[in-house]
Amino acid sequence: MTTTTASPKAGDRTVRKKTPGAGRGPRRPGRIRRIGLPYLLLLPALLLELLVHLVPMVIGIWVSFKLLTQFYIRDWGTAPWSGLDNYKMSVDFNAPVGEALLHSFLVTIAFTLLSVGLCWLIGTAAAVYMQDTFRGRGLLRALFLVPYALPVYAAVITWVFMFQHDNGLVNHVLHDQLGLTDKPSFWLIGNNSFIALLTVSVWKGWPFAFLIVMAGLQNIPKDLYEAAALDGAGMWQQIRRITLPSLRPVNQVLILVLFLWTFNDFNTPYVLFGKSAPEAADLISVHIYQASFVTWNFGSGSAMSVLLLLFLLVVTGVYLALTSRGRKTADV
């Protein structure tokens, strides 16, 4: 409530007196409205995330308990309930389905470990090298990021042409020019398909590691290197004692992201080999695709997907627990 009184000496001058608590009521809805506005703006993105990821995940888990084959694809809601039969068939390693899934899982583990290790090693070496100032450093940085910036399909299709047996660039260089092989090799079939897949994955993935490590190196003070150089520490000692310990938080996140991306990679093997990957390069992502969309056994494929999800959740949880414990030990 506001009262107005006129001063006898001031003429038209008025004095306004406000009672305590007056005017506070209308401000509270406005404050709540301002606080809730960011959440309201995030609501469409959250709903879209729910529709794109969470709803298909729940449907996939539900389908994994159904006997959904090509006979029920028109009305898949009427597919009979199978319980845990799809999971039992997937983990029965003495049966053909379980044996093939185990082989694909082991191939994926070997491929992921090699790809992540090489991507991190090459990316870290390139990032450390790029810390020195030299002519053309900016251009070289841009060239390093080209494999990461290219679309996946365009990059992998280019490698498909390069790996051709008769007129591919790889055989032309290795066999015709350098003479390292007795005859042109088949890179997209047989055991060499694993090497081809690993080469494309590393070529495509190491620029991301280079970018992340290079950003992490910017936070290391130059004074540490200068003091180490004055104490007589060489380049390898500086990398071991300063660079790698300072990059530990960055590397922990980087390795986890690379592991999840590489283990779930579907585009690279699918574009490189097509629907049926060779046995030596049978990654689990393509294997689940074949089990679902080639053999039309969607229940079995969904069960394999759920098992893959559980494996990645367990690996992520164990990795985060180990790295957090190691961080606490290092801080102490």
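The model shown is predicted, which means the values in this text are computed figures rather than measured ones.
When all heavy atoms of Ile242 and Leu224 are compared, the pair lying nearest together is CD1-O, 3.5 Å. In terms of heavy-atom proximity, Ser90 sits nearest to Met304 at OG-CG, 3.7 Å. In terms of heavy atoms, Ala127 sits closest to Val213 at CB-CG1, 3.7 Å. Residue Val250 comes nearest to Gly216 through the heavy atom pair CG2-CA, 4.2 Å, listed as atom of the first residue, atom of the second, then distance. The two atoms that bring Trp187 and Ala196 nearest to each other are O-CB, 3.4 Å, heavy atoms only. For the pair Gly301 and Ala291, the tightest heavy-atom approach, listed with the atom from each and the gap, is CA-CB, 4.4 Å.
Criterion: ILVMFWY side-chain heavy atoms under 4.5 Å apart, direct or through other members. Under it, Leu54 and Leu46 are not part of a common hydrophobic cluster. Linking Ile, Leu, Val, Met, Phe, Trp and Tyr whenever their side-chain heavy atoms come within less than 4.5 Å leaves Val202 and Leu143 in two separate clusters. The hydrophobic cluster containing Phe71 also contains Leu68, counting ILVMFWY residues as joined when their side-chain heavy atoms lie under 4.5 angstrom apart, directly or transitively. Placement of Val200 and Ile189 in two distinct hydrophobic clusters is found when ILVMFWY residues are connected by side-chain heavy-atom separations under 4.5 Å, directly or transitively. In the hydrophobic clustering of ILVMFWY residues, with side-chain heavy atoms under 4.5 Å counting as a link, Leu67 and Val306 come out apart.
Between Phe65 and Asp85 the shortest side-chain heavy-atom distance does not fall below 4.5 Å. Using a 4.5 Å cut-off on side-chain heavy atoms (C-beta onward), Leu150 and Thr158 make no contact. A 4.5 Å side-chain heavy-atom check between Arg248 and Thr323 finds every atom pair outside the cut-off. Side chains of Phe273 and Val160 form no contact here, defined as non-hydrogen atoms less than 4.5 Å apart. Side-chain contact check for Phe210 versus Leu145: some heavy-atom pair is nearer than 4.5 Å. Two residues are said to be in side-chain contact when any heavy atoms from C-beta on lie closer than 4.5 Å; His287 and Val107 fail this criterion. With a 4.5 Å cut-off on side-chain heavy atoms, Asn267 and Val156 do not count as touching. In this structure, the side chains of Leu211 and Arg141 stay at 4.5 Å or more apart for every pair of heavy atoms.
Rounding to the nearest 0.5 angstrom, the gap separating the CG atom in Leu217 from the CG atom in Leu247 is 5.0 Å. Taking CG of Leu313 as the reference point, atom CG of Leu309 lies at 4.5 Å (rounded to 0.5 Å). A distance of 10.5 Å separates NZ in Lys183 from NE2 in His175, rounded to the nearest 0.5 Å. Note that OG of Ser185 and CG of Asn192 are 5.5 Å apart. Values are rounded to the nearest 0.5 Å. Taking CH2 of Trp120 as the start and CG of Asn251 as the end, the distance is 5.5 Å to the nearest 0.5 Å. To the nearest 0.5 Å, atoms OG1 (Thr262) and CG (Leu113) are separated by 10.0 Å.
With hydrogens and angles ignored, the 3.5 Å screen pairs no side-chain donor or acceptor of Ser292 with any backbone N or O of Tyr289. Using a distance-only test at 3.5 Å, with no hydrogens or angles considered, a donor-acceptor pair links the side chain of Thr108 to the main chain of Ile284. In this structure, the side chain of Lys66 does not engage the main chain of Trp81 through any donor-acceptor pair within 3.5 Å. Using modelled atom types, one side-chain atom of Asn171 and one backbone atom of His165 make a donor-acceptor pair closer than 3.5 Å. In this structure a side-chain-to-backbone donor-acceptor pair under 3.5 Å is present from Gln290 to Lys275. The main-chain N or O of Ser104 is never found under 3.5 Å from a side-chain atom of Asp282 such that the two would form a donor-acceptor pair. Side-chain atoms of Tyr319 come within 3.5 Å of backbone atoms of Gln252 as a donor-acceptor pair (strictly under, hydrogens ignored). Proximity of a side-chain donor or acceptor of Asp265 to a complementary backbone N or O of Trp261 within less than 3.5 Å is not detected. Proximity of a side-chain donor or acceptor of Ser193 to a complementary backbone N or O of Gly190 within less than 3.5 Å is detected. Using a distance-only test at 3.5 Å, with no hydrogens or angles considered, a donor-acceptor pair links the side chain of Ser302 to the main chain of Phe298.
Judged purely by distance below 3.5 Å, without hydrogens or angles, the side chains of Thr78 and Tyr72 never pair a donor atom with an acceptor atom. For the residue pair Asp176 and His172, a side-chain donor N or O sits within less than 3.5 Å of a side-chain acceptor on the partner. Side-chain polar atoms of Thr268 and Ser201 form no donor-acceptor pair below 3.5 angstrom. Side chains of Tyr270 and Ser285: no donor on one and acceptor on the other come within 3.5 Å.
Around atom CG of Asn191, no more than 12 heavy atoms belonging to other residues, nucleotides or ligands sit under 6.0 Å away. Counting non-hydrogen atoms of other residues, nucleotides and ligands closer than 6.0 Å to CZ of Arg137 gives a total above 12. Other residues, nucleotides and ligands contribute only 12 or fewer heavy atoms inside 6.0 Å of the CH2 atom of Trp236. No more than 12 heavy atoms of other residues, nucleotides or ligands shown are found within 6.0 angstrom of OH on Tyr129. Within a 6.0 Å sphere centred on CD of Gln238, heavy atoms belonging to other residues, nucleotides or ligands number more than 12.
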Task: Steps toward side-chain contact (heavy atoms from CB on, under 4.5 Å) verdict (Leu197, Leu283) - done: CA-CA 10 Å; Leu197 179 61; Leu283 298 187; 3.7 Å; yes

Task: Leu121 vs Trp206, side-chain contact (heavy atoms from CB on, under 4.5 Å): CA-CA, chis, key distance, verdict - done: CA-CA 8 Å; Leu121 182 62; Trp206 79 264; over 6 Å; no

- [ ] Report the C-alpha separation of Ile212 and Val253 in whole Å, then their side-chain angles, then the decisive distance to 0.1 Å, and conclude whether the side-chain contact (heavy atoms from CB on, under 4.5 Å) test is met.
- [x] CA-CA 10 Å; Ile212 299 301; Val253 178; over 6 Å; no

- [ ] Take Asp92 and Val97 through the test side-chain contact (heavy atoms from CB on, under 4.5 Å) and record every step on the way to the result.
- [x] CA-CA 8 Å; Asp92 186 6; Val97 176; over 6 Å; no

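Just one of Phe144, Trp203, Tyr148 meets the ring-ring contact (aromatic ring centres under 6.0 Å, His included) condition when paired with Phe208; it is Tyr148.
By the 30° and 60° cut-offs, the orientation of the rings of Phe311 relative to Phe105 is perpendicular.
Taking the six-membered ring for Trp and the full ring otherwise, Phe111 and Phe263 have centroids separated by 6.0 Å or more.
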